[in-house]
Protein chains: 2
Amino acid sequence: MQIRREEKAPAAPTVEDVARAADVSTATVSRCLNAPDRVSERTRERVMAAVRELGYAPNFGARALAAKRTNTFGAIIPTMENAIFARGLQAFQEALGQNGVTLLVASSSYRPDLEEDQIRELVARGADALLLIGHDRTPASYAFLEQRRIPVVHAWVHDPASPRISIGFDNRAAMKALAHEVMARGHDRLGVITAAREGNDRARERFAGICDAMAERGLDPASLAVEETPYSIPNGAEAFTRLMARDPRPTAILCGNDVLAVGALGAARKMGIDVPGSVSITGFDDIEIAEIVQPSLTTVHVPHREMGRRAAELLLALRNGDAAPQSVALPTHIVWRDSLGPAPKTPA
Amino acid sequence: MQIRREEKAPAAPTVEDVARAADVSTATVSRCLNAPDRVSERTRERVMAAVRELGYAPNFGARALAAKRTNTFGAIIPTMENAIFARGLQAFQEALGQNGVTLLVASSSYRPDLEEDQIRELVARGADALLLIGHDRTPASYAFLEQRRIPVVHAWVHDPASPRISIGFDNRAAMKALAHEVMARGHDRLGVITAAREGNDRARERFAGICDAMAERGLDPASLAVEETPYSIPNGAEAFTRLMARDPRPTAILCGNDVLAVGALGAARKMGIDVPGSVSITGFDDIEIAEIVQPSLTTVHVPHREMGRRAAELLLALRNGDAAPQSVALPTHIVWRDSLGPAPKTPA
DNA sequence: TTGAAAAATGTAAGCGCTTACATTGATCCC
DNA sequence: GGGATCAATGTAAGCGCTTACATTTTTCAA
């Protein structure tokens, strides 16, 4: 049964309480918890019994204050709502856990201003190091991070030109490769559904990759039909509907990620448009759902788990002051499924 | 550029630094941050300028230690990997945010022992109140929570018989209603794919609901073909395959949630089994993907957002010591889509 | 102009913990 | 047996913050 506020809140037991119960000093209690081998077995047992008895849990804030380290890392991802970051983050967390580090997660809703607050918040809460997605953030965020010398790894991106440490892949090149494959199948009226590009360098890079490929094939990137919308299945569906209303109608829609692509697929079905017969659709990320939808989605596979795991290694190395780690580039590859086909013979 | 450990870490600026820079006392700085109207405008501006200048961010631990409140709540969900809890949690977080409360999230991987650690961890980190999923946890967890008088709300369940405050729905009744509808369509050889029932009361209740319905229709619950497996699409697919190998083969598969059902659907397609022609499949939760798959999934709709939002209200009320709130029961309803059809005429 | 009330600010204690240093007692070698 | 060594434990300072209380400054009515 829940207890009301008025009853005097039972003070949480402190080291002092434990010390008294076990008839030792607070220093000994602390040592039992942090360096058990510096305490004799007899007293240790006595202390641990008291700890259990009292339901003692050390106050994290006080501990961080006194010890000046927390074994806590932070991660800020743009969203928890869809599965894009879930797998990578899970792997990241597992790897940290194996090294005794706790992960604090925040989500920024793709808003750099919110992310800035969250960076401060996580650091104030004691994060020793941070995992951030992409490179797009406010100058104030970077100023703060640098001033505080917080180790940071940037994931989901790789830009060899940047001095910042990152682990990820070349979004631009990956999308460019996919666009080439699409065009190689005869498509020359292309459409794209992209996430909001402002504050999202992955989206910008992927978009740029499409333009690169078009230019290389002698197509004018200005002829690209563009719809920009936040990540969600219904948004993908709406954007697809708008694209289909254009004249000329595109024969292939490249989506900035799988979530948008799944929305597009759904809209196509609802509109009775055959995929890939009349229109081809591609995704990006290769999340679980890409294989499930019908037709299954041709997309770019991103090694999420490996990225998460190695991000943890990188960040751990940084925190420990090991020889300065290098950014790492991960390979991506196209997964051939059913949603991409040749351009329709008869102009739609 | 990342800085190596050896260089002396720049101490984070403290209230004292700010006070010195603004030529006021630490008390005034603190007031500027916590009760700006108790400070004259002139000094406030001076202080805030110093804060900005120095990149000051108050140390959370020290603040919690001194002020004895944190405006932080915690939530422990079984998994972040799939979307089951994402929407509800998002709504929960939004509602808390509007009330100036920060949310800390942990995931327990459906393991009560891990959850116990995480409860301690969140409380040690200053969580004033906790959102937990379901009622299944170790006695030690409840002992700790009660000893510390931590306000708790249990979500995703509703059991009027329990004294614990919960917000959710009657998993058993909801699944029972669905099972009745399935049987009303002529199915009498039923199969079920359930999540691991140990440590998961929602899964147990849903399972029990099926048995209830069978008993009410004069079917022997022992004839139910049961596959138990952790939540994941591939696991759902494998379980479905095993079910199809049974003799007699079930004509309807009730899945403990949509994720498993989507896996089953995929397996059916791969095996060339017509859904719902030869076998009907149902889900539970009505997550986004249920509408996307082909055939779309008949499932039980759960009002996730409302549950999250009202969980926040409940917890806030509890924390504030408002008149003891009551558990709330939310309605669910069956969403009719394509994966459920009549039992095949000719015995399969 | 003046004194009392109100507003603004300062002083300092203490939140719960870790840890440098001090102390105690046991162990051991010659 | 006795000093040196070492292990076990204790003492107490202080981490960065808030806040009760004290003090100073401003405001304002008579």
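Each chain gets a letter, A, B and so on, in the order the sequences are listed, and its residues count up from 1.
For W156(B) and H304(B), the ring centers sit closer than 6.0 Å to each other.
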(request) Evaluate the criterion side chain to side chain donor-acceptor pair (under 3.5 Å) for residue pair Q90(B) and E94(B); output intermediate values, then yes/no. (result) CA-CA 6 Å; Q90(B) 179 79 23; E94(B) 283 167 12; 3.3 Å; yes

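Test V101(B), T102(B), L96(B), L103(B) against T72(B) for side chain to side chain contact (heavy atoms under 4.5 Å, CB included) and you get one pass: T102(B).
Applying the side chain to side chain contact (heavy atoms under 4.5 Å, CB included) criterion to R309(B), with sequence neighbours excluded, gives A95(B), E306(B), E313(B).
Atoms CG (D17(B)) and C1' (dC15(D)) sit 13 Å apart, rounded to a whole Å. K68(A) has its NZ atom 13 Å from the C1' atom of dA13(D), to the nearest Å. Between R44(A) atom CZ and dA7(D) atom P there is a gap of 15 Å when expressed in whole angstrom units. At whole-Å resolution of the value, CD in E41(B) and P in dA7(C) are 16 Å apart. Rounded to a whole Å, the CG atom of D37(B) is 9 Å from the P atom of dA8(C).
Taking the centre and axis of the six-membered ring of Y142(A), the NZ or CZ atom of R164(A) falls inside the cone set by 45° and 6.0 Å.
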(message) Protein within reach of the bases, or only the backbone? For nucleotides 17-23 of chain C, mark each nucleotide 5' to 3' as B, S or -, using heavy atoms under 4.0 Å.
(response) BBB----

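Here D17(B) pairs with R20(B) in a salt bridge; the nearest charged N to carboxylate O distance falls below 4.0 Å.
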